[in-house]
Amino acid sequence: MADEGEEGRRSDARVPVGRRVFLSLGALATVGVVLGARLQSAARGVLGSGIGGLFPFGDRFRIYSITGSYPAITAEAYRLEVSGLVKRPQALTLADLEAMPATRLVRTFQCVTGWSVPGVEWEGVALSAILERAGVRPGAVAVSFSSYDHADTESLTLDQARMSDVIVAYRMLGAPVTQEHGGPVRLYVAPMFGYKSLKWLSAIRVVDRVEPGFWERNGYPVNGWLDGSTGPTDPRLGLA
Ligand SMILES: Nc1nc2c(c(=O)[nH]1)N[C@H]1C(S)=C(S)[C@@H](COP(=O)(O)O)O[C@H]1N2
Ligand SMILES: [Mo]
């Protein structure tokens, strides 16, 4: 846990990025770097002798939060709402998620601003399994995600959402997802840049069109493929 000094730095790290503030891609990158730099020590504290210690030259997570703070949700109080174009709306507890078949991934995490962390371990439930449990109704095209921070939002097409390496993660870096990293539960979209991996996941809505999320409305590509490919011709979308 963070000591008092880290708490102090954390409240200093508030960055005035509101939903209504339009930022260019460059400005967003700057916000990310500033916030990242200010929270470096907090990240080191959280990671201890883990990733931060193994990669002293910067291959470590920058802790991001649009709001400048981290929502506190206990494991017991956590619920994941699944609604919209589904046959069986869900309110899943952490225990419900942990009882479903687990997917484990080890990947390099990459932020679009340039930093990355190799060999990150993740564990969670395939988003496709959650969608199957809820029963996607005809007419569904996309999935929208919201956060307990009431600020970040994300979206994926249904085809992207069903990829086997898109997970609702409850473990990261060999431990339960920490509060700073979006715990108890965050999204991890392995084939895309970090901004798609929404933290403090609160709700999944199955919808009839792609609703661009916070980062996309501020200039990031809706399809955040790590290899830079974009658009409806990408073969992995499975679209004609
Ligand atoms: N709720 C929320 N989720 C978020 C963000 C954020 O600011 N708020 N930042 C995104 C970005 S740009 C990145 S690179 C990753 C960073 O994950 P980390 O904070 O665990 O390092 O979280 C993503 N998910
Ligand atoms: Mo990012």
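One-based numbering, in listed order, for ligands and for the atoms of each. Please read all numbers here as calculations on a predicted model, not as lab measurements.
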Distances under 3.5 Å, N/O of ligand 1 against N/O of the protein: list each pair and its distance.
| unit_1 | atom_1 | unit_2 | atom_2 | d |
| --- | --- | --- | --- | --- |
| ligand 1 | 1 (N) | Asp149 | OD2 | 2.9 |
| ligand 1 | 1 (N) | Lys199 | O | 3.4 |
| ligand 1 | 3 (N) | Asp152 | OD2 | 3.0 |
| ligand 1 | 3 (N) | Lys199 | N | 3.0 |
| ligand 1 | 7 (O) | Ile66 | N | 3.2 |
| ligand 1 | 17 (O) | Arg186 | NH2 | 3.2 |
| ligand 1 | 19 (O) | Arg62 | O | 3.4 |
| ligand 1 | 19 (O) | Tyr64 | N | 3.0 |
| ligand 1 | 19 (O) | Lys199 | NZ | 2.5 |
| ligand 1 | 20 (O) | His181 | ND1 | 2.6 |
| ligand 1 | 20 (O) | Arg186 | NH1 | 2.8 |
| ligand 1 | 21 (O) | Arg62 | O | 2.5 |
| ligand 1 | 22 (O) | Arg186 | NH2 | 3.3 |
| ligand 1 | 24 (N) | Ser197 | O | 3.0 |

Is a donor on one side and an acceptor on the other found under 3.5 Å between the side chain of [X] and the backbone of [Y]?
| X | Y | result |
| --- | --- | --- |
| Ser197 | Val189 | yes |
| Tyr70 | Gly183 | no |
| Ser147 | Lys199 | yes |

Side chains of residues 119-143: which donor-acceptor partners sit under 3.5 Å, not counting sequence neighbours?
| unit_1 | atom_1 | unit_2 | atom_2 | d |
| --- | --- | --- | --- | --- |
| Glu123 | OE1 | Arg104 | NE | 3.2 |
| Arg133 | NE | Gln90 | OE1 | 3.0 |
| Arg137 | NH1 | Val86 | O | 3.3 |

Legend entry - Qualifying residues under ring-ring contact (aromatic ring centres under 6.0 Å, His included), relative to Tyr170, sequence neighbours excluded: none
Legend entry - side-chain contact (heavy atoms from CB on, under 4.5 Å) partners for Pro71, two or more places apart: Ile73, Tyr148, Asp149, Trp200
